[in-house]
Amino acid sequence: MFKILVSDPIADKGIEILDDAGFEVIYNPNPSNDELQSYLSDIDAWIIRSGTKISSEELSDTRNLKVIGRAGVGVDNIDIKSATNKGIVVMNMPDGNTISAAEHTMAMMMALSRNIQIGHMTIMNGEWNRKTLVGSELKGKILGIIGLGRIGREVIKRALGLEMKIVGYDPFVNEDVFDTENIEIMGLDELTKTSDYISLHVPLIESTQYLFDIDRLKMMKESARLINVARGGIVNEKDLSFALNNGIIAGAAIDVFEEEPLKSDNPLIKSQNILLTPHLGASTHEASEGVSFGICRQVKDYLLESKLSNPINMPIQDMSQLKQIQSLLDLSEIMGKISCQLLDDSPLESVSIECIGDIEDSKPIALSLLIGLIQSMTDLNVNFVNVGSIAQERGIEFTHSISSEQSSYSNLVKLKISSQGKEIKIEGSASGKNDYRIVNVLD
Ligand code: NAD
Ligand code: MLT
């Protein structure tokens with residue numbers, strides 16, 4: 001029976017899927033360190049939201065873990081490299097909370113513009129402050145969207161309804177998919193200088209860390225406002241606090257923080273013209289149910305049927321093709337095992353795989369061959385997820401290609417291995433389900 005740990009709060013709908021599948025479910029949102037330690041050694045799957053941090057330390061304590069399911073989008077709280085090295089699939093639920101995050105962005109932008117948070121707080125303190133809380137209209141203002149993915153595009157749709165002008169920056173999307181009547185694509189510096197409002201919708205990755213530091217904040221208009229419903233760490237909090245308290249920008253609405261939960265000495269708490277929410281972007285009934293149901297179903301399908309949806313660290317995009325070429329994959333794995341025996345302890349230098357005939361993609365075949373080869377050298381669990389990184393760690397160069405060479409076989413997998421001046425050649429062909437053969441060994 002598979003054992004599943006759920007260490008962040010998720011909606012019941014998802015837990016029901018796991019229970020119905022007959023899994024043993026440990027549902028402990030926010031476990032203590034000792035509790036966590038006691039679970040890790042024998043769990044098969046681990047489901048989290050943004051509250052749990054999975055580092056290489058936790059992963060090193062797992063022995064059976066096959067899949068980490070992130071009920072949400074951002075995977076910056078998971079050490080993907082370590083998971084990949086251990087052959088653990090990481091999957092997320094990328095579109096379950098898009099609308100909620102986009103709506104929260106709009107709510108933040110509107111509340112900030114009209115000082116709603118200050119109005120509310122001052123009334124609660126017995127004050128009636130109409131004169132000092134004069135806001136700005138959104139109509140006609142320029143909204144700069146950084147990150148034109150799922151959430152960024154939903155924000156654009158809603159902002160167009162408010163008659164805002166949209167400018168956007170995202171170096172990884174094709175400009176042609178946007179209607180130039182609705183959005184002007186521009187460089188990051190130009191967007192920063194032009195916008196009245198800037199909303200961030202990028203993941204936290206190396207290139208976005210502290211994207212908004214004091215230098216960029218100084219580029220913004222004095223009257224401009226910044227909204228971050230993406231991730232803490234994209235904005236430098238000390239710099240933002242300085243910018244707000246010194247009139248460098250007019251306001252900021254922040255949902256996500258460098259350290260969560262927010263500490264009482266965080267400089268943002270004492271900043272002027274700020275609106276803070278405790279990571280509420282995805283906190284709606286609809287999104288909670290959607291991501292919980294979706295990720296639990298994905299994890300169940302992976303454990304029971306090896307079906308992969310939304311994998312983050314799987315080198316093969318279309319997993320459905322694997323079933324159709326199963327006999328070629330089995331053949332390749334066996335060729336890898338045989339070549340390892342022929343190597344006779346000489347260090348492996350390079351592996352080249354050439355596919356001929358009716359083979360459309362050489363990558364899964366090459367990876368399967370490497371699995372057979374490397375599995376024979378290690379007690380690690382080698383699979384599609386980690387085989388590339390293990391090969392790289394061991395300095396094994398591997399190439400794979402499709403060749404138009406003619407052959408009397410309907411398909412042919414040719415393997416050539418070099419090892420200290422020695423060359424090993426093996427060829428194999430598959431002709432149907434479970435029907436495959438080695439057709440050449442060492443010429
Ligand atoms: P997405 O992958 O659809 O879009 C992200 C976009 O950012 C992509 O188009 C990508 O090309 C772009 N990008 C990457 N690096 C960039 C860079 N250096 N400069 C400009 N653009 C860059 O993701 P999404 O679903 O729109 O979500 C975006 C982020 O929002 C997530 O990574 C997550 O961290 C965050 N999020 C937060 C909440 C919340 O509760 N506050 C909820 C959902 C998502
Ligand atoms: C996400 O990345 O999906 C959000 O941060 C929501 C969350 O899981 O809390």
Side-chain angles (χ1 to χ4, degrees), residues 6-11 14 29-30 47-54 68-78 80 90-109 144-158 167-175 177-178 183 185-192 198-213 216 227-235 253-258 260-262 275-284 286-292 294-295 310 312:
V6 183
S7 61
D8 279 319
I10 65 166
N30 209 6
I47 295 176
I48 59 168
R49 282 187 62 188
S50 52
T52 301
K53 307 269 172 276
I54 303 185
I68 297 172
R70 167 68 166 92
V73 190
V75 287
D76 47 283
N77 50 333
I78 304 168
I80 306 277
V90 179
M91 47 172 71
N92 69 349
M93 230 339 251
D95 45 18
N97 55 32
T98 304
I99 300 299
S100 293
E103 287 184 359
H104 195 67
T105 305
M106 301 311 292
M108 295 287 263
M109 184 161 60
I145 302 282
I146 300 182
L148 299 168
R150 286 174 295 262
I151 300 172
R153 291 178 204 203
E154 290 299 331
V155 170
I156 292 173
K157 273 194 218 163
R158 285 155 180 76
V167 297
Y169 167 73
D170 188 327
F172 307 110
V173 296
N174 182 353
E175 287 187 23
V177 302
F178 295 97
I183 176 169
I185 305 289
M186 54 176 61
L188 181 59
D189 288 356
E190 195 186 352
L191 179 146
T192 308
I198 294 180
S199 191
L200 305 177
H201 300 288
V202 292
L204 175 63
I205 48 178
E206 224 175 293
S207 64
T208 61
Q209 181 131 33
Y210 287 164
L211 189 64
F212 273 74
D213 58 5
R216 185 158 299 284
I227 296 123
N228 184 12
V229 179
R231 262 305 169 274
I234 300 170
V235 178
I254 309 289
D255 181 49
V256 281
F257 304 91
E258 288 179 42
E260 294 179 7
L262 197 61
L275 165 58
L276 305 177
T277 49
H279 202 145
L280 294 183
S283 295
T284 60
E286 294 82 354
S288 306
E289 284 201 355
V291 293
S292 169
I295 202 66
N310 301 315
I312 300 288

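Atoms within each ligand, like the ligands themselves, are counted from 1 in listed order.
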*Give a yes/no verdict on whether any heavy atom in T208 is under 4.0 Å from an atom of ligand 1.*
yes

*Can you tell me the protein heavy atom closest to atom 37 (C) of ligand 1 and the distance?*
V229 O, 3.2 Å

*Is L204 close to ligand 1, meaning an N/O of one under 3.5 Å from an N/O of the other?*
no

*D170 to ligand 1: N or O pair under 3.5 Å?*
yes

*A282-ligand 1 polar pair, N/O distance under 3.5 Å*: yes

_Counting only nitrogen or oxygen atoms and a 3.5 angstrom limit, does T98 reach ligand 1?_
no

*What part of D255, side chain, backbone, both or neither, has a heavy atom within less than 4.0 angstrom of ligand 1?*
side chain

*Within a reach of under 6.0 Å around CG of N30, are more than 12 heavy atoms found that belong to other residues, nucleotides or ligands?*
no

_I205: side-chain contact (heavy atoms from CB on, under 4.5 Å) partners, not counting sequence neighbours_ = P203, S207, T208

_Residue part near ligand 1, for N97, under 4.0 Å between non-hydrogen atoms_ = side chain

_One residue to check: H104. Relative to ligand 1, which of side chain, backbone, both or neither has a non-hydrogen atom less than 4.0 Å away?_
neither

_Check: P171 N/O within less than 3.5 Å of ligand 1 N/O_ = no

*Would S199 and T105 count as having a side-chain donor-acceptor pair, cut-off 3.5 Å?*
no

*Using a 4.0 Å heavy-atom threshold (strictly under), name the region of L211 that reaches ligand 1: side chain, backbone, both or neither.*
neither

*Please state which part of R150 comes within less than 4.0 Å of ligand 1, counting heavy atoms only: side chain, backbone, both or neither.*
both

*Quick one: salt bridge (charged side-chain N to carboxylate O under 4.0 Å, His left out) partners of K157, sequence neighbours excluded?*
E154

*Who passes salt bridge (charged side-chain N to carboxylate O under 4.0 Å, His left out) against D76, sequence neighbours left out?*
R231

*For atom 42 (C) of ligand 1, closest protein heavy-atom neighbour*: A101 CB, 3.8 Å

*Indicate whether any N or O donor in one side chain lies under 3.5 Å from an N or O acceptor in the other, for T277 and D255.*
yes

Quick one: table the atom pairs, ligand 2 N or O against protein N or O, below 3.5 Å, distance rounded to 0.1 Å.
{"from": "ligand 2", "atom 1": "2 (O)", "to": "R70", "atom 2": "NH2", "distance (Å)": "3.0"}
{"from": "ligand 2", "atom 1": "2 (O)", "to": "V73", "atom 2": "N", "distance (Å)": "3.4"}
{"from": "ligand 2", "atom 1": "2 (O)", "to": "G74", "atom 2": "N", "distance (Å)": "2.8"}
{"from": "ligand 2", "atom 1": "2 (O)", "to": "R231", "atom 2": "NH2", "distance (Å)": "2.7"}
{"from": "ligand 2", "atom 1": "3 (O)", "to": "V73", "atom 2": "N", "distance (Å)": "2.6"}
{"from": "ligand 2", "atom 1": "3 (O)", "to": "N97", "atom 2": "ND2", "distance (Å)": "2.9"}
{"from": "ligand 2", "atom 1": "5 (O)", "to": "R231", "atom 2": "NH1", "distance (Å)": "3.0"}
{"from": "ligand 2", "atom 1": "5 (O)", "to": "R231", "atom 2": "NH2", "distance (Å)": "3.0"}
{"from": "ligand 2", "atom 1": "5 (O)", "to": "H279", "atom 2": "NE2", "distance (Å)": "2.7"}
{"from": "ligand 2", "atom 1": "8 (O)", "to": "R70", "atom 2": "NH1", "distance (Å)": "2.8"}
{"from": "ligand 2", "atom 1": "8 (O)", "to": "R70", "atom 2": "NH2", "distance (Å)": "3.3"}
{"from": "ligand 2", "atom 1": "9 (O)", "to": "R49", "atom 2": "NH2", "distance (Å)": "3.1"}
{"from": "ligand 2", "atom 1": "9 (O)", "to": "S50", "atom 2": "OG", "distance (Å)": "3.0"}

